[in-house]
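In what follows, every chain begins at residue 1, and chains take the letters A, B, ... in the order their sequences are listed.
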Amino acid sequence: MEYVYSILILVGIYVVLASSFNLIIGTAGLVSIAHPIFFALGAYTSGLLAIHFGLNPIAGTLAGAAVAGVFSLMISLPSLRVSGDYLLITSIGFQLGLLQVIKNLELTGSQGGLSNIPTPIAGPERGWIFSLVALAAGAATVLLIRWIVRGPYGRAISAMRDDELAFVALGRDATRIKIVIFAVGSALAGIAGGIYAFYFQYLSPEQFEILASGTMLTMVVVGGMGSTWGPVVGAVLLLALPQAITFLRLPLSYMAPLQGMIFTLLVILFLFLRPQGLVAPEAPAPLRHKKQ
Amino acid sequence: MSAVLHLEGVFKHFGGIVVADDITLEIERGQILGLIGPNGAGKTSLFNIVTGVVPADAGDIRVNGVSIAGKGIHERARMGIARTWQNMRLFRTMTVLENMVVAPREYAGESMVRLCFRPGAVRRADEQACEQALAILERMQLERLADNAVTDLPYGQQKLVGLARALMNDGPCLLLDEPMAGVEGHAYETMKAVVRQEAQAGRAVCVVEHNISFIKDLCTSAVFMSAGRILERGQIADLLASKTLAELYFGT
């Protein structure tokens, strides 16, 4: 049963990660690959606060989200003021650089990882309570993003994506919208990190490598870029996939490369054959007016 | 009376090409100024300089006496400079009404803080923008197309929507970049009528246009530009009578 719970928890966490990554790259069209590092920032922040200050998990997770959101400004403020293209470059640098810091700081457990994160719940209920929390976080993320995309803010984002210069010339502050979306997406990844830290109680820097953004990107592309429900479908499918290949009983040394190949192949196939993904994007809510 | 839009000694070059060479001009309330000249004269570039799309190298631009130097594109729009584009630049995935609702000088929905803490105020602002947009569309007899995708409209009507979107900005200054190119028949008459009404309502309007009869019908005065310089300015009839200008313009 613990196995099922851990998969449900990963589904919840990856729904948050894929949905928030989709908000950044799909909805707002901002090309970044630094999503794993914001996941890490949330995880390490809440883990460290729990270890050293005994902070309760809810406050710790929120603190992780806040740290991820504030750190996102370090990338977005300088690069988005110039042009969207610079975001990709700074995000690569930020992802690689900050992970090196995490790998080398004694505070974060350096290469060995951060262990002994206290768990808020012990006993037989632990599994289902955490599953519930993770799935609720996933659902809340999807609903929050749906609310953003379908409302006046989403209308502004659509217009910005259609023609940014015309949008700005109407008096809209496109730079601020991008910075806000990037911060919201990053903070959500921080929440996923907090849940991860408190459930698994151990963080290893390897799991936040740049390649992890490939997994998230696959979920987004397969599920449907810019679509609200797409990343949910993508996350569930791509978490089920590795579980499915474990039944092939291949040696472990084959498993990881095989998984990588399947993920890459999926992205390529989808980009060629079904670029909109499995679920098509949702339009903003229609404007209601008297003349209808 | 002081001018609504005042350009003084505006200079801009791209490498060796001078697109604005010491441009000084004023547009007053209610005036429709025609900006004419051959292709490449720097007319659209002048609009881009005024709206902040390209920064001027030198000179000053003032709106109602306030300098807009150093302000960003969106800040200038908020100060009341509305413009249209020669190729319209409509938001192609959106309906006519949606194109217009994001276009007022203040759009409450672009602030996440207001969306979270004052959702009622945002909703009311949205409703108000809808009403304003429908009123503008009604003047153009386009209100029944409000919920159509802009890309479904014929070219002339898209051009009108471009103007309608710009009119959502209730600022004092309106810049129209070739509003008539590709527009005929009913849409042509509508465009002319609406631009005239806007000037009568007190806006300062500047029109870049190759359609000379449109300029003759609407504008009282005009400036003639060539190679980034203002060659002549004055009453429209005098300009058109000038032989040197006819040569430059029509190459005859």
Against chain A, residues from residues 173-182 of chain B with at least one heavy atom under 4.5 Å, in numeric order, are none

When rounded to the nearest 0.5 Å, the distance separating OG of B/S111 from CD1 of A/I177 is 10.0 Å

Interatomic distance, CG@A/L170 vs OH@B/Y107, rounded to 0.5 Å, equals 11.5 Å

Contact list (residues 221-236 of chain A to chain B, heavy-atom gap under 4.5 Å, by number) returns none

Just wondering, are more than 12 heavy atoms of other shown residues or ligands nearer than 6.0 Å to CZ in B/F117? no

Output for pair (B/E131 CD, A/H289 NE2), nearest 0.5 Å, gives 11.5 Å

- prompt: If we only count heavy atoms from C-beta on, is the A/P286 to B/D147 side-chain gap below 4.5 Å?
  reply: no

So, the part of A/V168 with a heavy atom under 4.5 Å from chain B: the answer is both

Okay, A/I157 and chain B: the region with an atom under 4.5 Å from a heavy atom over there is neither

> Is it the case that more than 12 heavy atoms not belonging to B/R118 sit under 6.0 Å from its CZ atom?
Replying inline: no

Okay, B/E75 and chain A: the region with an atom under 4.5 Å from a heavy atom over there is neither

- State whether the number of non-hydrogen atoms from other residues, nucleotides or ligands found under 6.0 Å of A/L165 atom CG is greater than 12. yes

How about B/R114 and A/Y153: does a side-chain donor come under 3.5 Å of a side-chain acceptor? no

Of all heavy-atom pairs linking A/P152 and B/G109, the shortest is CB-CA, 3.6 Å

Here the gap from A/L287 atom CG to B/L134 atom CG, rounded to the nearest 0.5 Å, amounts to 9.5 Å

Turns out that what part of A/R161 lies under 4.5 Å from chain B's heavy atoms comes down to neither

Greater than 12 external heavy atoms within 6.0 Å of A/I58's CD1
no

Assert top hit (heavy-atom pairs under 4.5 Å, partner chain A, pool B/R165, B/M168, B/E127) equals B/R165

Begin from the C-alpha positions of B/L115 and A/W147 and carry the test side-chain contact (heavy atoms from CB on, under 4.5 Å) through to its verdict. CA-CA 10 Å; B/L115 270 172; A/W147 173 76; 4.0 Å; yes

Checked A/A174, A/A159, A/A156, A/A169 vs chain B; the most non-hydrogen pairs under 4.5 Å come from A/A159

- More than 12 foreign heavy atoms under 6.0 Å from CD of B/Q128: is that the case here? no

Residues of residues 87-105 of chain B with a heavy atom under 4.5 Å from any heavy atom of chain A, in residue-number order, are B/R89, B/F91, B/R92, B/T93, B/M94, B/L97, B/E98, B/V101, B/V102, B/A103, B/P104, B/R105

Checking heavy-atom separations under 4.5 Å from chain A, one finds in residues 59-74 of chain B B/I73, B/H74

Closest heavy-atom pair, B/A77 versus A/G171, reported as atoms and distance to 0.1 Å, is CB-N, 3.3 Å

Of B/V53, B/V122, B/D126, B/T51, the largest count of non-hydrogen pairs under 4.5 angstrom with chain A goes to B/D126

